[in-house]
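In this text, all values refer to a predicted model and were calculated from it rather than measured experimentally. Computation of the quantities below employed the complete heavy-atom set of this structure, encompassing side-chain atoms and omitting hydrogens, waters and symmetry-equivalent molecules.
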Amino acid sequence: MIRHLIAFALAVSGLQADPDPWKRVPLPEGMGMVSCMAVNQNNVAFGSVSGGVELLDRAMTTKSVLRDPALGKSGRIHALVWVADDLWIASEGGLFRWEGTTGQLEKSRKDVPVSLRSGVTAMSIVGSALWCATSKSVATFDPSRKESVREWKTPIQDEPTALLRVGGRILVGTNTKGLLVLDSASGSWIRLGRSDGLSSDQITGLEWVGAEVYVATPEGLDVLDLSTQKVNSMIASVSASWTAQSNGTLFVATVDGLLKIDATTHVPSTLALLGNSRPEGAVLAKGGRLMVSVAGAVLVRDQPSIFGEDGFRLVPEGFTLALPGRIPSGVQVQAFLRIPEWP
């Protein structure tokens, strides 16, 4: 059966407030470079390469710092995902759930599938389903439902660096083996690497916008066309380390600074950071905010959008778009519909 994705490219004209100035949020003492971030309605979480997890409220005030031997010898955090008020933590020591109601790390891990209790290095959330990737498999489960686990063995073993679900396809970036793409309906995999047009076999980030998936590597930024499954170079020779996207605008942390890329034109520009800082770690654009980790701190600013905090919502059929209310006076929205054929 042929599936279709609906991709909206939106051109917005009219008066909109400029982004607020950057706010510098210092990291706790002993916390290393920020490796991952997560945001929900009430909370923010920063994970680090050494030093555990910092939990903050929406005002960016530190609530607590989670350091526990169970998270591993170094305390390295690979990925963070909020599911309601609970924070799922993929760490060197394994996969854990931090309970929002009790403020405790659930160490018995009775609610964690056995195959996922260790080795998870990439996660994502789609609806209420948590997706996890290890070097051996990709699996999904709903933490609120027992017996909801589905699992697919990967065709090769390598450390996952990024995980993305687009409809019935699951994309897994790896550390040395390129990009793995799973058709969850048939269970079949394909692998894309240098010979298929990727700038590198090391994937550092994946971002989905409409009919394309941006693929970040240390040797260039590429674009995967979902309708043809062909890879094209977008920005050659740029060393991309972390990525994020907000309503179709891509943000890429590079050694030369933070790039902002328009999804329609693919034209990049450099975004000035506070005090001429350089990005050093994770980047996140979510909840109406842009957060960029730099040396010893995270820079935060509002990322204004007439679409509200949720903006585009990714659903199995593609995009849904929820406006927060009436369109403001003087603002015009134009939506251009593009329907690529889904193989």
- Item | Residues forming a salt bridge (charged side-chain N to carboxylate O under 4.0 Å, His left out) with Asp111, sequence neighbours excluded | Arg97
- Item | Check: Asp86 side chain, Gly100 main-chain N or O, donor-acceptor pair, under 3.5 Å | yes
- Note on the structure: Heavy-atom nearest pair, Val39 first then Lys286, reads O-NZ, 3.9 Å
- Task: Please answer: with hydrophobic residues joined when any side-chain heavy atoms are less than 4.5 Å apart, are Tyr214 and Ile235 in the same cluster?
- Result: yes
- Determine the minimum heavy-atom distance between Leu87 and Ala45, stating which atoms define it. CD2-CB, 3.8 Å
- Task: Look only at the side chain of Glu99 and the backbone of Thr102, and say whether a donor-acceptor pair between them is shorter than 3.5 Å.
- Result: no
- Please confirm whether the backbone N or O of Gly94 pairs with a side-chain atom of Arg109, one donor and one acceptor, at under 3.5 Å? no
- Supply the atom-to-atom distance Leu80 CG to Glu54 CD, rounded to the nearest 0.5 angstrom. 11.5 Å
- Message: Any donor-acceptor pair under 3.5 Å linking the side-chain atoms of His78 with those of Glu159?
- Response: no
- Message: Once rounded to the nearest 0.5 Å, what's the spacing between atom CZ of Arg67 and atom CG of Leu105?
- Response: 14.5 Å
- Beyond-backbone contact of Arg301 with Leu271, side-chain heavy atoms, under 4.5 angstrom: yes
- Verify the cluster assignment for Met60 and Leu284: are they in a single hydrophobic cluster under the rule of side-chain heavy atoms below 4.5 Å apart? yes
- Message: Would you say that Lys107 contacts Asp68 through its side chain, given a criterion of any heavy-atom pair below 4.5 Å between the two side chains?
- Response: yes
- Query: Does the side chain of Gln229 come within less than 4.5 Å of Arg169's, by heavy atoms?
  - Reply: yes
- Query: Is there side-chain contact between Ser293 and Met37, with heavy atoms separated by less than 4.5 Å?
  - Reply: yes
- Item | Gln202 and Thr217 side chains, donor-acceptor separation under 3.5 Å | no
- In Å and rounded to the nearest 0.5 Å, what is the CG to CG distance from Leu179 to Leu206? 6.0 Å
- Side chains of Ile89 and Leu95: does their closest heavy-atom pair fall under 4.5 Å? no
With a 3.5 Å cut-off and sequence neighbours excluded, list the donor-acceptor pairs that the side chains of residues 121-133 form with protein atoms.
unit_1: Thr121; atom_1: OG1; unit_2: Pro160; atom_2: O; d: 2.8
unit_1: Ser128; atom_1: OG; unit_2: Asp142; atom_2: OD2; d: 3.0
unit_1: Trp131; atom_1: NE1; unit_2: Thr140; atom_2: OG1; d: 3.4

- Are Phe46 and Leu27 close enough, and set up right, to give a side-chain contact (heavy atoms from CB on, under 4.5 Å), and what steps lead you there? CA-CA 9 Å; Phe46 299 148; Leu27 294 173; 4.1 Å; yes
- Item | Those residues that, when tested against Arg194, pass salt bridge (charged side-chain N to carboxylate O under 4.0 Å, His left out) (two or more places apart) | Glu219
- Residues Thr101, Asp85; criterion side-chain contact (heavy atoms from CB on, under 4.5 Å); working and verdict: CA-CA 7 Å; Thr101 54; Asp85 290 326; 5.8 Å; no
- Message: Testing the 3.5 Å rule here: is there a donor-acceptor pair between the side chains of Ser188 and Asp183?
- Response: no
- Indicate yes or no: at least one non-hydrogen side-chain atom of Leu259 is less than 4.5 angstrom from one of Val238. yes
- Have Ser50 and Ser48 got a donor and an acceptor in their side chains that come within less than 3.5 Å? no
- Hey, quick one: are Val283 and Val255 part of the same hydrophobic cluster, counting side-chain heavy atoms closer than 4.5 Å, chains of contacts allowed? no
- Query: In terms of hydrophobic clustering (I, L, V, M, F, W, Y; side-chain heavy atoms under 4.5 Å; direct or indirect links), are Val49 and Leu71 co-clustered?
  - Reply: no
- Task: Enter the distance from Lys153:NZ to Trp189:CH2 here, rounded to the nearest 0.5 Å.
- Result: 11.0 Å
- Query: Which pair of non-hydrogen atoms, one from Trp22 and one from Leu274, has the smallest distance, and what is that distance?
  - Reply: CD1-N, 3.7 Å
- Task: Please step through side-chain hydrogen bond (donor to acceptor under 3.5 Å, both in side chains) for the pair Thr161 and Asn175, ending with a clear verdict.
- Result: CA-CA 6 Å; Thr161 56; Asn175 193 42; over 6 Å; no
- So do Leu250 and Val209 actually touch side chain to side chain, heavy atoms under 4.5 Å? no
- Gly205 and Thr243 have their tightest heavy-atom pair at CA-OG1, 3.7 Å
- Message: My understanding is that only residues two or more places apart in sequence, or in another chain, count here; which of them pass ring-ring contact (aromatic ring centres under 6.0 Å, His included) with Phe96?
- Response: none
- Message: Go through it in stages, so that I can follow the logic: the residues are Asp222 and Ser199, the test is side-chain hydrogen bond (donor to acceptor under 3.5 Å, both in side chains), and I'd like the CA-CA distance, side-chain angles, deciding distance and then a yes or no.
- Response: CA-CA 7 Å; Asp222 304 318; Ser199 297; 2.8 Å; yes
- Please round to the nearest 0.5 Å and tell me the distance separating atom CZ of Arg191 and atom OG1 of Thr154. 12.0 Å
- Residue Asn276 excluded, over 12 heavy atoms near CG under 6.0 Å: no
- Could you walk me through whether Glu280 and Val34 pass the side-chain contact (heavy atoms from CB on, under 4.5 Å) test, one step at a time? CA-CA 8 Å; Glu280 296 184 14; Val34 175; over 6 Å; no
- Query: Distance only, no hydrogens: is a donor on one side chain within 3.5 Å (strictly under) of an acceptor on the other, for Ser137 and Glu151?
  - Reply: yes
- Arg165 side-chain N/O to Leu171 backbone N/O, donor-acceptor pair under 3.5 Å: no
- Message: Using the ring-ring contact (aromatic ring centres under 6.0 Å, His included) criterion, which residues pair with Trp82? Sequence neighbours excluded.
- Response: none
- Query: Between the side chain of Arg150 and the main-chain N/O of Phe141, is any donor-acceptor distance below 3.5 Å?
  - Reply: no
- Query: Any chain of hydrophobic side-chain contacts (each under 4.5 Å) joining Trp98 to Leu56?
  - Reply: no
- Message: Let me confirm one number: the CD1-CD distance from Ile261 to Gln245, rounded to the nearest 0.5 Å.
- Response: 12.0 Å
- Residues Ser35 and Trp242: closest non-hydrogen pair is O-NE1, 3.3 Å
- Query: So Leu55 and Thr62, side-chain contact (heavy atoms from CB on, under 4.5 Å) or not? Walk me through it.
  - Reply: CA-CA 6 Å; Leu55 299 165; Thr62 301; over 6 Å; no
- Message: According to salt bridge (charged side-chain N to carboxylate O under 4.0 Å, His left out), who are the partners of Lys136, at least two apart in sequence or on a separate chain?
- Response: none
- Task: Would you check if Val215 and Leu198 make a side-chain contact, meaning some heavy-atom pair closer than 4.5 Å?
- Result: yes
- Item | Closest contact, heavy atoms only, Lys63 versus Asp57 | CD-N, 3.5 Å
